[in-house]
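These notes concern the structure reproduced below.
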Number of protein chains: 4
Amino acid sequence: MNQISHIRPVDRDYRAGLNRPLEAEAARDYEFLGEKLARRDIDIEQVTAQVARFSVAVPSWGTGTGGTRFARFPGDGEPASVFDRIEDCAVINSLTGATPTISPHFPWDEVPDYAALRAHAEALGVGFDAVNSNTFQDHPAHAAHPLSYKFGSLSHTDPAVRAQAIAHNIDCIRAGEALGSKALTIWIGDGSNFPGQSHFGQAFERYIASVQQVAASLPPDWTLFLEHKIHEPAFYSTVIQDWGSSLLAAQAVGPQARCLVDLGHHAPNVNIEMIVARLIHAGKLAGFHFNDSKYGDDDLDAGAIDPFRLFLVFHELVDAERAGRLDVAPAYMIDQSHNVTDPIESLISSAIEIQRAYAQALLVDRMALSEYQEGNDAMMANQVLKRAFTTDVAPILATARFRKGAAIEPLAAYRASGYRQACAGRRPKRAGGGGGIV
Amino acid sequence: MNQISHIRPVDRDYRAGLNRPLEAEAARDYEFLGEKLARRDIDIEQVTAQVARFSVAVPSWGTGTGGTRFARFPGDGEPASVFDRIEDCAVINSLTGATPTISPHFPWDEVPDYAALRAHAEALGVGFDAVNSNTFQDHPAHAAHPLSYKFGSLSHTDPAVRAQAIAHNIDCIRAGEALGSKALTIWIGDGSNFPGQSHFGQAFERYIASVQQVAASLPPDWTLFLEHKIHEPAFYSTVIQDWGSSLLAAQAVGPQARCLVDLGHHAPNVNIEMIVARLIHAGKLAGFHFNDSKYGDDDLDAGAIDPFRLFLVFHELVDAERAGRLDVAPAYMIDQSHNVTDPIESLISSAIEIQRAYAQALLVDRMALSEYQEGNDAMMANQVLKRAFTTDVAPILATARFRKGAAIEPLAAYRASGYRQACAGRRPKRAGGGGGIV
Amino acid sequence: MNQISHIRPVDRDYRAGLNRPLEAEAARDYEFLGEKLARRDIDIEQVTAQVARFSVAVPSWGTGTGGTRFARFPGDGEPASVFDRIEDCAVINSLTGATPTISPHFPWDEVPDYAALRAHAEALGVGFDAVNSNTFQDHPAHAAHPLSYKFGSLSHTDPAVRAQAIAHNIDCIRAGEALGSKALTIWIGDGSNFPGQSHFGQAFERYIASVQQVAASLPPDWTLFLEHKIHEPAFYSTVIQDWGSSLLAAQAVGPQARCLVDLGHHAPNVNIEMIVARLIHAGKLAGFHFNDSKYGDDDLDAGAIDPFRLFLVFHELVDAERAGRLDVAPAYMIDQSHNVTDPIESLISSAIEIQRAYAQALLVDRMALSEYQEGNDAMMANQVLKRAFTTDVAPILATARFRKGAAIEPLAAYRASGYRQACAGRRPKRAGGGGGIV
Amino acid sequence: MNQISHIRPVDRDYRAGLNRPLEAEAARDYEFLGEKLARRDIDIEQVTAQVARFSVAVPSWGTGTGGTRFARFPGDGEPASVFDRIEDCAVINSLTGATPTISPHFPWDEVPDYAALRAHAEALGVGFDAVNSNTFQDHPAHAAHPLSYKFGSLSHTDPAVRAQAIAHNIDCIRAGEALGSKALTIWIGDGSNFPGQSHFGQAFERYIASVQQVAASLPPDWTLFLEHKIHEPAFYSTVIQDWGSSLLAAQAVGPQARCLVDLGHHAPNVNIEMIVARLIHAGKLAGFHFNDSKYGDDDLDAGAIDPFRLFLVFHELVDAERAGRLDVAPAYMIDQSHNVTDPIESLISSAIEIQRAYAQALLVDRMALSEYQEGNDAMMANQVLKRAFTTDVAPILATARFRKGAAIEPLAAYRASGYRQACAGRRPKRAGGGGGIV
């Protein structure tokens, strides 16, 4: 197919050729890990099978170089259209075998013909995950957005702005239906920068009423993901500042509404894995926007700063799943800003880190853990987690990829393919320059 | 009455004598402030009347010198019994006119004859507010507490420990009934220090089931205050770590359960006034444990570190009350640790700072604010709050005290009374030494 | 002068006309405050005189609407050139009488003829403060910046990039000399987003060597201001992450180098007034970038979030000045991002809040405070600060403005002048749209 | 030797017996890891040799159960004297082979005859590391401490208190000389709880002058370790709040003074590995108090919360050592509070985690890392660190222990020995009860 001819990493034979010299070593590592795990009564094949089934969606917007309010430093060969972005996502999925779906963002990914877009994606082996609306920016060139979101969107004091934001969200649902999505993620920038600027209670009520209107247009098999964030772009208050507000809103909207956890949207020191446990308890966990952070919503690559925290999140998820406490399977999505790396490389690496945390969580000896917890043996309970986390699961991840026809070494395969340089040749150079600050 | 004879500040004539030379100046300051407020269409008399009606409970445990895990440095004349503690609280109320009730803590304040304790308090002009249970410490000398709370209480894995903790809470209710209280505050130290030590979901379910049992013993006109805290004494996770968990628990327990906000129990940077607004929205705000903090649960004097934040909290409360959004009046209590000051002085000063924030919040021009909010005039909305906050309301506070027969200058009156020195003479010296660390 | 004719607030008669109906009330408030302060042995005239001498520089870049990485929502009549920005600054100074200087930023404020720029400013009654270099953005259209700062500037691994950044800083000095400045502020975005990306030690050494080269071009009566920041735009590490690194660098560079404190550049909970005290001790305090923050480098209006903290900073400064501990007068500058307000209004309001904090600090009874500190009377020492902070010093600020011919009510005067609307008519509309994120 | 007869884990034969059935598996794991590392051009024997030479000191005070201000829940068989504490430390060292020295704390570890204490330790195979003074608690029963440290010690306003604190530190040096120590660690609780309570500048100057006096009594081959802490027990300000103040003090005191880094003594989000790099640059790094924390100075077990951060710290140390940037070898000490575990188990586990981080840091391919850093290849630089961190180095640690005659599985060996139960039989039960709060 000519769509694929210029995208070398999508070619299965290309990957197989690169894998060949690595196979023997990978097999040996896998065999020895299998032996070690067998001593712990763990069947490596079961783990590998679960890892192979695991997938995480990549964000279409994450394929372009990100930036800060100070500057954006463009990379070479950045995607210029949603079609380009889908090709980049297909590269990631081909190499990792772990990212078969894309999360689109509107109006950034708006096209006149969604069927064509869907066909383009399917031809490249990828599909679509939750759609995202955007009412945190103005879209002055866009006929459906004549009003400004400077002072809010779904919670704006002006009903006309709220109506515009609601209509946009419904448009997103329609686009998502055409693409095969089953969920809409709502994140808003609404909030305030000054004490007094906004009435906390009224803004929250307006938000809920707006989301209820969006929900009324939701197909019955869709889910609404409500995403909270403590700050930014608003710096004194946000309307959905934490999981508590997200929960109240989801309760008010009804069973189709659930709470999305972005790992970087919390106050310092907050125990995120506990929030996961509480949302599971409440039957309101939607899923995740994975990334990592040290200071705020840094949107760094998943697992880059605190891999143990990522493991602890998956430990909660695996625990809940094993115990039948998950009413629905959580949605896994990456949401990062790739400012200093090739976005494709960051998404490849992040997908692997997320798989790694999941694989480690699968190794937790839950029977032993449960006994230690019951007996308040804090030391041994902790040792159980440590043993799982310090196990080097790379051979499992590599084998799962190899068996799927993905790359044993995805980053190396990507670099060897020359894909980015080829893109640089055929895609227009994007401008960088100042961020929001000037 | 002989109980009062040795407590000079409780003597109205003593206070009147001290007030006399201050009256003229206080009157002049009050008159001028009245003139300024009149220009802003505010009737100072209305404000003063509201301030005069305002009260906050003092904690019986706050009358002793506090400490840290490193050390406790005792003060002179510390109370040796709950009777002493009540006398100290009566001194605070006599001088401020703002603290007519005491919040007791059991088993610290346990006595064989609650009627006698209540009579002692009434003779001194004070009554009792919410009672507090204590299952965060062992009480080895106490027959009702043979089991240790080292690994939890209401959420313990062992049903026998949970039963003991439930029984203790019910005992607290019974004691509170005898004292005239109408609420039980539950704060537990349950949590974990190690990832893996505790099963988040199961611990939460055990907590809820235990609290439901306590609630079943609650008189119909009582309220249950559930208090959350992000960390300490547990340093990896706590069972009720934030207002979201507190809300879930209160929803599960039913209409008598509400969420108590302690100003020092949050993650860094958290917008506490927003939490207040959300709990009001949910109809689940119980009230407050006032104190101030810079780093964690520092338990410093209210208003000592961030007086503007205290004002913003009261701004939400006054706003909700004016708008009829408060289903019940919130409970106001002080909860502080006085490590380097005379506790009576800290409680006097804190009660005044809390009143100050309330008085400032009463000055907010809510009509103007509402218009600016509707019009997204962030600058002017903020100016409205600033104008209220920068108004020096000391003359209102002094006048409210004076008219009640309390002291115009409570700290000076307290120091002049020689009360502490007298206590030092008749109360045994308490030991200091190491805190929990050794 | 025709330059001024279209800038109504710069017209002294315009302001006098607005002041007239406010004078009597202002005089009465001032008189009564004077009476109150006299009781505390404070001569209000001395305070007013000090406040009148106080000034803070405004940032030329702060006159445009700011933004975040998510979006910038433009305002009406935004300045289109440095000449416009100077006019806006002149408006602020005319109305407040407190901002006679402007801090320029290069290459944003670059012009071919600095003498003309200086003359323009002088005609409007304003001069120039510290100049700022910009090596945190690329300037692709600028011949002197062919190389990218994507991976750093003064600490870049590539000597050619470092040389370019050094040359730019020296260019800034030359421009500053032409404008009458006496200081260069260096803030860099250098750092890393990934553990391992940057060698901490070598990057620091490269930074120091580069700054030493800049310092070698410094006129003898100039000062170099080194500004630290914990994060953003780099999200794992920054080269000058805190005042400790800033101090080490300033020590290595020599006596002309000093440490600049931006109130929003610290970790959560950090005691900023303590850092001020330490830099005074070290003889290395340069001055301040004033703003306020709740979460990170929020760049909110000074005093908007934590006015007591601003007061405590000024308390340290006044204390040090009185004690002869300040070797040089600190530089005061505002550095804010005005995303939801008219930037002129925010700068007016911020200048007033900074003056307010200074005026409150002047009221601290330092003799009493010192005695209480010596005697470890924590309660009374704190009361001394509280009494100063809760004093409503608005009459002092208004009187200082009035006596200088500035506006008694600067915000009202600004709004009444129609200046912004006039600008909107003659300045081109600036684009908004996405920030760095897309 | 009869001292040893009752301490089973100290018996080499006991350990050898337990190791025997584990040897074959350990050897196989080690062999395979060696094969994997060889592919990465790493000689496992070199790494194992370095790990075997690595040691960390254990705190004598850490052998007792810790507590919080709320409560201390005693464990069974807690040490009742410094002799007991030394026996516990000997058990830890015998099982891990990694903790040959003990850090004593005075006056807690004060004895009349230090030669006897030293002989007791030597007989058990352990020696003494840095001594610690204690002026954060009162020692009312102690003749040398008649004055209270309630309001400070080395920085107290009263010269008599400072003199007492100085004398105590000098006493610690003398005791340390008798024990064979070479360093004194000074951590003070001095600070304030209220704005205004303390004069920041003067308190710092008094601290420096006091430490200079202590330093004057230091033997020439000793080092003074100055330890900073952001808060607790003081909750508004501390005298040595961060590494910047610590550095200024160490510079003022002279070459024998260096800065000690406790991993839990920083503001939230702070990049601790960067501080390590800066102190190395300044030639002022003393060493570490290892522990882990999520919220504040939680004093949790090293590596329990953020093992990647611990690795990053060791990455800096190994890097500096390889580059010859370390002027002296840093001192490694554990400083933890074991509230819910058997302290011996926590110290065993922590020593292993610290070794693990060191071993992982030894695996970093520094040549490749350096090239990626020079080329700003953030992705591959980060991959280098990840590859080292995700390597399961347990076989190296086990082999290093086995070859030294320590236990392959120290925790299991400890539990099997029945040591704690034996202690419970012969040591008096210690009281628990309330912490500092009541």
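Only this structure's heavy atoms are used, side chains among them; waters, hydrogens and symmetry mates stay out. Note on naming: letters A, B, ... go to the chains in the order of the sequence lines (proteins, then strands), and numbering restarts at 1 for each one.
- A salt bridge links C/Arg309 and C/Asp292; the closest N-O separation between the charged side-chain nitrogens and carboxylate oxygens is under 4.0 Å.
- Looking at D/Asn376, the atoms closer than 4.5 Å to chain C (heavy atoms on both sides) sit in the backbone and in the side chain alike.
- Looking at D/Ser153 and D/Asp190, their side chains do bring a donor and an acceptor atom within 3.5 Å of each other.
- Of the two parts of D/Phe308, only the side chain, counted from C-beta on, holds a non-hydrogen atom closer than 4.5 Å to a non-hydrogen atom of chain C.
- For a residue to count as touching a neighbouring chain, one of its non-hydrogen atoms must lie under 4.5 Å from one of that chain's; by this rule D/His156 touches chain C with the side chain only.
- If you measure heavy-atom distances from D/Leu369 to chain C, the contacts under 4.5 Å come from the side chain alone.
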Before giving the answer on side-chain hydrogen bond (donor to acceptor under 3.5 Å, both in side chains), spell out for D/Glu227 and D/His289 the whole-Å C-alpha distance, their side-chain angles and the decisive distance to 0.1 Å.
CA-CA 9 Å; D/Glu227 186 173 358; D/His289 270 184; 3.1 Å; yes
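- Of the residues considered (C/Gln251, C/Glu273, C/Gln197, C/Gln373), C/Gln373 shows the highest number of contacts with chain D, using heavy-atom pairs under 4.5 Å.
- Ranked by heavy-atom pairs shorter than 4.5 Å toward chain C, the options D/Asp319, D/Val364, D/Val276, D/Asn193 are led by D/Asp319.
- No salt bridge links C/Asp365 with C/Arg40; every basic N to acidic carboxylate O contact stays at or beyond 4.0 Å.
- When each of D/Ser245, D/Ala277, D/Ala282 is scored by its heavy-atom pairs under 4.5 Å with chain C, the top score falls to D/Ser245.
- Contact tally against chain C (heavy-atom pairs below 4.5 Å) for D/Ala203, D/Ala267, D/Ser198, D/Ser246: the top residue is D/Ser198.
- At a 4.5 Å heavy-atom cutoff, the contact between D/Gln241 and chain C is made by side-chain atoms alone.
- Taking C/Gly244, C/Gly375, C/Ser192, C/Ser237 one by one and counting their heavy-atom pairs under 4.5 Å with chain D, the maximum is reached by C/Gly244.
- In this structure, D/Lys150 and D/Asp138 approach most closely via the heavy-atom pair N-OD1, 4.2 Å.
- For the set C/Met379, C/Glu316, C/His315, the entry with the most heavy-atom pairs within less than 4.5 Å of chain D is C/Glu316.
- In this structure, chain C has heavy atoms under 4.5 Å from both the backbone and the side chain of D/Ala378.
- Chain D forms the most heavy-atom pairs under 4.5 Å with one residue out of C/Tyr372, C/Phe204, C/Phe151, and that residue is C/Phe204.
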Please test C/Arg69 against C/Glu232 for salt bridge (Lys or Arg N to Asp or Glu O under 4.0 Å), starting from the C-alpha separation and ending with a verdict.
CA-CA 11 Å; C/Arg69 64 178 168 133; C/Glu232 198 211 20; over 6 Å; no
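- Residues of residues 380-389 of chain C lying within less than 4.5 angstrom of chain D, judged on heavy atoms, are C/Ala381, C/Asn382, C/Leu385 in numerical order.
- For the set C/Asp377, C/Asp242, C/Ile230, the entry with the most heavy-atom pairs within less than 4.5 Å of chain D is C/Asp242.
- Looking at D/His199, the atoms closer than 4.5 Å to chain C (heavy atoms on both sides) sit in the backbone and in the side chain alike.
- For D/Asp158, no part lies under 4.5 angstrom from a heavy atom of chain C.
- Below 30°, between 30° and 60°, or above 60°: for D/His228 and D/His265 the angle between ring planes is above 60°, a perpendicular geometry.
- The most heavy-atom pairs under 4.5 Å with chain C, out of D/Thr238, D/Leu248, D/Leu247, D/Val270, come from D/Leu248.
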